[in-house]
2 protein chains.
Amino acid sequence: MGDERAVGTPVLRRLNTASVLRAVRDCAPDPVRLAELVKLTGLTRPTVGQAVEDLVEAGWVQHHHPAAASRKGGRPAVRVSLRGRAAPVLGLDVGPHTVSAGIDDLAGRRLAAVRRSVDHNRASRVLTVVDAVIARALEEAGLGADEIAAVVVATPGIVDSGSGRILLAPSVSGWTSVNLSDHLRDRFRCPVRVENDANLAALAVAGERTGPGTLLAVQWGERLGAGVVIDGRLHRGTGAAGEIGFIRPPGRVPDTDDGRGPLERAIGAEAITEQARRAARAHPESVLRDGPIDTAAVFAAAAAGDAVAARVVDDVARTFAQAIAPAVLVLAPDAVVIGGGVARAGTVLLAAITRHLADLTLTPPDVGISGLAEDTILTGALRMALDDVWHQLPA
Amino acid sequence: MGDERAVGTPVLRRLNTASVLRAVRDCAPDPVRLAELVKLTGLTRPTVGQAVEDLVEAGWVQHHHPAAASRKGGRPAVRVSLRGRAAPVLGLDVGPHTVSAGIDDLAGRRLAAVRRSVDHNRASRVLTVVDAVIARALEEAGLGADEIAAVVVATPGIVDSGSGRILLAPSVSGWTSVNLSDHLRDRFRCPVRVENDANLAALAVAGERTGPGTLLAVQWGERLGAGVVIDGRLHRGTGAAGEIGFIRPPGRVPDTDDGRGPLERAIGAEAITEQARRAARAHPESVLRDGPIDTAAVFAAAAAGDAVAARVVDDVARTFAQAIAPAVLVLAPDAVVIGGGVARAGTVLLAAITRHLADLTLTPPDVGISGLAEDTILTGALRMALDDVWHQLPA
DNA sequence: GAGGTTTTGTAAAGACCTTAATAAACTTCC
DNA sequence: GGAAGTTTATTAAGGTCTTTACAAAACCTC
């Protein structure tokens, strides 16, 4: 129930120019003929002409040389395209081991991508790397910090979306005491947002899917987090939505004081390998006996038919399914998509989870693996930054 | 990202008349002076005048006699108010034991309220009662079926929101084979929607709360259901969202083949009394030994300090908290509100649930009891019907 | 009953979109 | 190489709606 106010004729114009800009964006990065925009928007030629003129003046779109391809008679068309450099956005993924930065232009073209690892995950050291990565990315894109139109930073832990403060982040020592948000706000004059990494990964995964719907996107590695995306919008709740790592699974869970949640301690990557090691010791016939054990090895052994490994995988899948089943029943998501290090191991786990979930829920969701590579979180951060820019258009 | 199209000046007018109508509604049921509407909408006088003229002609608002109260000098103001009879809506709550109907006008005034019990919950019998209740409600309101602008029906079970078919409804035998939606569509010429009762109850509870936010509204009686309302909008997911009755709680759950879910069998009203009975047999010192045992008696005994009853209540609360904790972690709702028969028992249960949830979640939500009386579901149905009418305004 | 106040009503002006007609530029065919 | 044809841009006129400004009306108070 939007509360529109004070509608005059100028508002109409803004509405129409926005409509034209949307059409131009949908065609990005290809240039569009003006006549095509008329068809796409349903507006008339003079209106579109006026709007394009305004947009060019404001710097959002740019003219193209008419001396291009695909002429088939007639006066040469004026063609325009999104002027990406009008509002480039910066995405940042601050992980416990690596820091990555990316710069996209409005059209979604990647202008820069930088990745650097952090040796010691001490907060002060991380901050230094963050600054270095940003500087390198800006250099690569040939941009100044002033030209960036939006910044979104992904970080582990729970983030207060209002202030941008990090409330809880066990994986990086001292991270909560650093006001990352303020630190970056000084460097940029545009809005800076800090957001939970699993949430941003969810946004990236949702971007791969078309149409509305509910998505539960899980990031599964050493730690375990999730994001909820409903009809393309991220669901935050009171702020800590998606923290599945703190679900308490049935059965005993080892105590640790590293701030990890019960489910993380039960089926995080480390717990999986630990279970496999124990199983291998108890069952010398397993191939797990040979070679080093990591999650990839466990899943590979299970896929190859090793009964002991299969048992471990099934246990993990069951625990996971039991843990999220209540949430699946309440949310009734269209899909549960798993990303992160564990997901890369393969489809053995997937099948087991699907099986168990079908048993525990009424309308079992599709269970899939994220098709996105290592930069899922970064992609999500850039996506949110672009969305931000796009929503404050009329400014 | 709404895809606006073909915007001309007529659209502007529609926008403004809609804005004026909203303002009139917000003042309902009191009449509004025209000058006041100017302030409320931020539009100019001629615009408001034009809009009001159009709305009167369309029958949405009506003029008031100027010979009314509170004059303080000046030309007598033209006053208008929402013409409720323009679009009265019908709400229906088809429960396993009772059928209720209500008719509200646009201003939210209750024009009729009818409630009738059903002896045998056979589908054919229920349908007869439904028809009778509708007829009585229409008579009471002095309206014909043709004048109703929207109908929303609440029913237990899982409802396909597209077709309105009832997919799963164990509590009424033969209910799934009845196409309630088609049955009613023949009687009314307006849209008829069938919706899960817990979802509508959630909508009603959400109406009591102000502002945006996430709400998990639980209906807890013999059966157990919930609705999720996010920023005022009902969340459906793939259709069966909120079915917490089918969450599998830790521990053994008795098997039944009446279609109830595991959590319902574990902590539904019947299960609570059963647990209390067992506890009373084992502990003769409990006051539960005296008198008949129902949920109210159990909660009263616990509130009065009976240790055995308190133990039962705590067990129930723990099971409930454990069951919904994963959903609470994923959704991070602002509040969990409990309604239905069990909730009426008092605040003993509430305190226990709050305590256990605080232990199991990161950002514990407010836990409260629905302040709405028996007609929560009916209220929700009427609310959704009103929302429906309101959203198809520009037609 | 005169003055003041509050509100309604009306007319002119400005802004924007739309329709329609005209001009321009390029390709293709003869 | 010129004429016909096609596609597109430009310009002008017309209509609708909002805004601004001003006049009229009705009522209360002094």
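Order of the sequence lines sets the chain letters (A, B, ...), proteins ahead of strands, with each chain counted from 1.
If you measure from atom NE2 of A:His64 to atom P of D:dA9, you get 15 Å, rounded to the nearest angstrom. Counting to the nearest Å, the C1' atom of D:dT10 and the CD atom of A:Glu53 are 11 Å from each other. Whole-Å rounding puts the B:Glu36 CD to C:dT7 P distance at 9 Å. Atom-to-atom, CZ of B:Arg45 to C1' of C:dG9 comes out at 9 Å; the value is rounded to the nearest Å. Nucleotide D:dT20 holds its C1' atom 15 Å from the CG atom of B:Leu43, rounded to whole Å. Remark: C1' of C:dC17 and CZ of A:Arg14 are 17 Å apart, rounded to the nearest angstrom. In this entry the distance linking NZ of B:Lys39 with P of C:dT8 reads 12 Å, nearest Å.
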Which atom pairs, one a donor and one an acceptor, fall under 3.5 Å between side chains of residues 103-112 of chain B and the rest of the protein, sequence neighbours left out?
unit_1   : atom_1 : unit_2   : atom_2 : d
B:Asp104 : OD1    : B:Arg110 : NE     : 2.6
B:Asp105 : OD1    : B:Ala107 : N      : 3.0
B:Asp105 : OD1    : B:Gly108 : N      : 3.1
B:Asp105 : OD1    : B:Arg109 : N      : 2.8
B:Asp105 : OD2    : B:Arg109 : NE     : 3.1
B:Asp105 : OD2    : B:Arg109 : NH2    : 3.3

What pairs of nitrogen or oxygen atoms, one from the protein and one from nucleotides 2-5 of chain D, lie under 3.5 Å apart?
none

**Study point:** Base versus backbone protein contacts along nucleotides 11-18 of chain D [heavy-atom cut-off under 4.0 Å; B, S, -]
**Key:** B----BSS
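Qualifying side-chain contact (heavy atoms from CB on, under 4.5 Å) partners for A:Asp30, counting only residues two or more places apart in sequence or in other chains: none. With sequence neighbours left out, A:Ala217 forms a side-chain contact (heavy atoms from CB on, under 4.5 Å) with A:Ala202, A:Val205, A:Leu215. Contacts of A:Ala154 classified as side-chain contact (heavy atoms from CB on, under 4.5 Å), with partners at least two apart in sequence or in another chain: A:Asp93, A:Asp197, A:Leu200, A:Ile377. With sequence neighbours excluded, the residues satisfying side-chain contact (heavy atoms from CB on, under 4.5 Å) with B:Glu36 are B:Val32, B:Arg33. The salt bridge (Lys or Arg N to Asp or Glu O under 4.0 Å) search around B:Arg236 returns B:Glu195, not counting sequence neighbours.
Side chains of B:Ser19 and B:Asn16: a donor-acceptor N/O pair is absent below 3.5 angstrom, by distance only.
Listed by first and then second residue, the salt bridge (charged side-chain N to carboxylate O under 4.0 Å, His left out) pairs involving residues 137-147 of chain A are A:Arg85-A:Glu147, A:Arg136-A:Glu139, A:Arg136-A:Glu140, A:Asp146-A:Arg189 (not counting sequence neighbours).
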